[in-house]
Amino acid sequence: MSRKGWDCNMNKYVKKFCVRGLIFSGLGPIVLAIIYFILQMNNVDFKMTGFEACLGIVSTYIIAFVHAGSSVFPQIESWGKVKAMFFQLICLYTVYTVFYLINGWIKFNYVVFLIYTGCFILGFLLIWLIVYLSLNKEKDKLNKQLEKVKNK
């Protein structure tokens, strides 16, 4: 593939990444507000400064932006499933981990960090498996319907 063709294809995916990120990024702060509300309703005693609140809002906005945007990786035709899954995992793990540490939502303790990493990877792989199996089931269903139409 020529350099120009690669640029054009990658630009298409960068644009999709950004559009998806912008569409869904506002959900991050809403989820954060709901979590804080639930904590308050359950009498969890927590206090935060204005800086901490602002940092949480900005962090969840960026996390949601990257999370939504990274859904473009599996759609890059020239990438296989493993490569797409790897890039999406690295992208999500990096942004979540950085902002969880910055906000103090997880502590940098080796045991805690190891548990967090294991849970993150396991959860990621489980979600990928569920999506993969669901799409395969839908694909098989559509193929059977096409076969019926073809045989008429």
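The first residue of the sequence shown is numbered 1, and numbering continues consecutively from there.
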Pairwise distance [atom1]([X]) to [atom2]([Y]) - rounded to 0.5 angstrom:
{"X": "E52", "Y": "F46", "atom1": "CD", "atom2": "CZ", "value": "10.5 Å"}
{"X": "M85", "Y": "I90", "atom1": "CE", "atom2": "CD1", "value": "11.0 Å"}
{"X": "L89", "Y": "F124", "atom1": "CG", "atom2": "CZ", "value": "5.0 Å"}
{"X": "Q75", "Y": "Y13", "atom1": "CD", "atom2": "OH", "value": "7.5 Å"}
{"X": "L27", "Y": "T60", "atom1": "CG", "atom2": "OG1", "value": "10.0 Å"}
{"X": "F73", "Y": "F17", "atom1": "CZ", "atom2": "CZ", "value": "5.5 Å"}

Can you get from [X] to [Y] by hopping between Ile, Leu, Val, Met, Phe, Trp and Tyr side chains that sit under 4.5 Å apart?
{"X": "V19", "Y": "V72", "answer": "no"}
{"X": "I121", "Y": "V98", "answer": "yes"}
{"X": "L125", "Y": "Y96", "answer": "yes"}
{"X": "M48", "Y": "I35", "answer": "yes"}

Pairing residues for K139 by the salt bridge (Lys or Arg N to Asp or Glu O under 4.0 Å) criterion, not counting sequence neighbours: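 Per chain and number, K139 pairs via salt bridge (Lys or Arg N to Asp or Glu O under 4.0 Å) with no residue.
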
Would you please name every residue forming a salt bridge (Lys or Arg N to Asp or Glu O under 4.0 Å) with D140, sequence neighbours left out? none

For a quick test of reading the model, state the closest non-hydrogen atom pair linking C91 to V66 and the distance between them. SG-CG1, 3.4 Å

How close do A68 and S71 get, heavy atom to heavy atom, and via which atoms? O-OG, 2.7 Å

Tell me who clusters with [X], hydrophobic residues only, linked when side chains sit under 4.5 Å apart either directly or through other members.
{"X": "L135", "result": "I127, V131"}
{"X": "L146", "result": "none"}
{"X": "L142", "result": "none"}
{"X": "I130", "result": "L126"}

Go through the steps for L92 and F120 under the test side chain to side chain contact (heavy atoms under 4.5 Å, CB included), then give the verdict. CA-CA 9 Å; L92 293 176; F120 191 95; 3.9 Å; yes

Output every pair passing side-chain hydrogen bond (donor to acceptor under 3.5 Å, both in side chains) with a member in [range], not counting sequence neighbours, ordered by first then second residue.
{"range": "residues 120-132", "answer": "Q88-W128, Y132-N136"}
{"range": "residues 23-42", "answer": "S25-Y61"}
{"range": "residues 116-126", "answer": "Y93-T117, T97-Y116"}

Test side chain to side chain contact (heavy atoms under 4.5 Å, CB included) on I106 and L101 and set out the steps. CA-CA 6 Å; I106 60 169; L101 289 169; 3.9 Å; yes

Across all chains, not counting sequence neighbours, the ring pair (Phe, Tyr, Trp, His ring centres under 6.0 Å) partners of Y110 are F108

Under the salt bridge (Lys or Arg N to Asp or Glu O under 4.0 Å) definition, can you give me all pairs with a residue in residues 36-51, not counting sequence neighbours? D45-K47

L55: partners by side chain to side chain contact (heavy atoms under 4.5 Å, CB included), with sequence neighbours left out: F51, S59, I102, N103

Would you say the rings of W79 and F87 are close, in the sense that their centroids are separated by under 6.0 Å? yes

So does S70 get a backbone contact from the side chain of R20, meaning a donor-acceptor N/O pair under 3.5 Å? no

Given side chain to side chain contact (heavy atoms under 4.5 Å, CB included), test F113 with K107 step by step and report yes or no. CA-CA 7 Å; F113 205 69; K107 303 293 180 208; over 6 Å; no

